[in-house]
Number of protein chains: 2
Amino acid sequence: MTETVRLSWKTVRDRVHARVLDGTYAPGDRLPRDEDLAEQFGCARSTVQRAMQDLSLSGIVERRRKGGTRVRRDPVTRATLDIPITRNEVESRGAVYGYQLIEQTTAPPAPAIAARLEIPGAEDMLRVRALHLSDGRPFVFEDRWVSLRTVPEIREIDLAAQSANEWLVRNKPYTRCDLRFYAINADADTAGILETDEGAALMVIERTTWIGGDPITSVKALTAPGYQILTRS
Amino acid sequence: MTETVRLSWKTVRDRVHARVLDGTYAPGDRLPRDEDLAEQFGCARSTVQRAMQDLSLSGIVERRRKGGTRVRRDPVTRATLDIPITRNEVESRGAVYGYQLIEQTTAPPAPAIAARLEIPGAEDMLRVRALHLSDGRPFVFEDRWVSLRTVPEIREIDLAAQSANEWLVRNKPYTRCDLRFYAINADADTAGILETDEGAALMVIERTTWIGGDPITSVKALTAPGYQILTRS
DNA sequence: AAGTGGTCTAGACCACTGA
DNA sequence: CAGTGGTCTAGACCACTTG
């Protein structure tokens, strides 16, 4: 009844979560109002509010004004991923990072690329194909398109010395980022670049970014066999 | 100077974010103290605090007591993924969901599985192999191990009628979840089950869950060719 | 129209950590 | 030890949504 310790919102969150876990509040159930929970826990309503906001963000409960708070019926697994700059990814594994520019051209992109960037017509864009190495071995091969309208400065950058990945991430923050992951079989060209066999299963990471409504870049990163994406610990 | 409107913490967050984007605060720079920002924006310090907490969570800035708030030098792409129950995934695409139990046995798992679940010795576990269908076509083949020590009730469940995926997600909430994604070439067995060609590139989703410190399940979901994982919009 | 979550404020105190 | 972020509280008002 009387709490001797001061409760933090994280404590409240964990206690309420525990009640969901042990079935006190079952899926679909309505939880007490924040104010009542605050009384139960002997804390301020705003503390409960902060706790419930976090549970809502984690997909544990759903909250609606007037409708109250309910335990989600169909829980989803919600995970957070970090995709670092490739150089950092290599170096954080204790390997030596390397980089090779393969090709740099200016051309209108294929319709699929334009669609991904949500731009209507065909306009010249910068295409960069480059290889990231880990301890001298191919690690990630990236095939990138950069909007010259949104990022004209990139014409001046020596992309043989510095990867577009690094330059863009450091100099062109984005406000929106779409990611998708899928698997493909390596074609002959890709297999040659990644020094693997044709047909090998490769994980592909596609990333497209915008600033405001303007497209920055769309990149298809083909990873060497064995590459894994892990959730943030 | 004088704000006529009331600022929400999200507004403050977006304004500070804009300053990072336009270079007012460059990577590595130290931002003003919360209290000074509050004065600039004409709001309470707690409003700024909430805003900065969110920017910190998004990986835009780093905050340290006494050290202040700094713009992260090496931004990471941080994304949130939702992995729904397979049935919901199929049905939300407007397809008809189907399910087939392929095999159900009790045996000690391979060392790799035990290691993933962080259990020391070999103990009997429930192994379930099952196929999820979308409009009658193979969609996801799951190879799952369930801890009979943590989840003894699952012995009583008819896993031919209800998928372990669904039963566990609905009845066994977890407190910790590890996910990993990678690509493999389908072996003959898998290709047969997924009705594809041997060697086809498949995306694999491995998910392992615990409640408290106790292992619940580890599942390897082999997805049919073409499967994509998208970030939450 | 009324109930419930969302947010703000001002002030207070705590907790961590860098100088 | 002093500076800065982290959190709590109590009260107030707003915004959404359901009955």
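Lettering follows sequence order; numbering is per chain, from 1.
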SB check B/Glu118 B/Arg176 (cutoff 4.0 Å): yes
Between C1' of C/dG6 and CD of A/Glu35, the distance in whole Å: 14 Å
Value in whole Å for how far the P atom of D/dG5 lies from CZ of B/Arg70: 11 Å
B/Gln49 side chain to B/Arg63 side chain, donor-acceptor N/O pair below 3.5 angstrom: yes
Residue-phosphate contact under 4.0 Å: B/Arg50 side-chain N/O, C/dG6 OP1/OP2: no
Nearest-angstrom distance from the residue atom CZ of B/Arg33 to C1' of D/dA2: 12 Å
Phosphate contact (C/dT7 OP1 or OP2) by B/Thr47 side-chain N/O below 4.0 Å: no
Nearest-nucleotide pick for B/Ala44, side chain only, options being C/dT4, D/dC8, C/dA10: C/dA10
Interatomic distance where NZ belongs to A/Lys10 and P belongs to D/dG6 [whole Å]: 9 Å
For atom CZ of B/Phe41 and atom C1' of C/dA10, their distance in whole Å: 19 Å
Gap between atoms CD and C1', on A/Glu39 and D/dG11 respectively (whole Å): 16 Å
Ring center gap for A/Tyr97 and A/Phe139 short of 6.0 angstrom: no
Charged N-O contact under 4.0 Å between A/Arg180 and A/Asp178: no
Nucleic acid contacts of residues 51-68 of chain A, taken as heavy-atom distances under 4.0 Å to DNA chain C: A/Gln53, A/Arg63, A/Arg64, A/Arg65, A/Lys66, A/Gly68
Among C/dG5, D/dG5, D/dA10, the nucleotide that comes nearest once only the side chain of B/Asp34 is considered: D/dG5
Side chain A/Arg45 and base C/dG6 donor-acceptor under 3.5 Å: yes
Side-chain N or O of B/Gln49 closer than 4.0 Å to phosphate OP1/OP2 of D/dG6: yes
Between P of D/dT9 and CH2 of A/Trp9, the distance in whole Å: 14 Å
Any A/Ser46 side-chain N or O less than 4.0 Å from OP1/OP2 of D/dA10: no
Salt-bridge present (A/Glu153, A/Lys172; N to O < 4.0 Å): yes
Candidate pair B/Tyr99 and B/His132, rule ring pair (Phe, Tyr, Trp, His ring centres under 6.0 Å), full reasoning: CA-CA 5 Å; B/Tyr99 168 76; B/His132 302 268; 5.7 Å; yes
Cationic N near anionic O, under 4.0 Å, B/Asp143 to B/Lys220: no
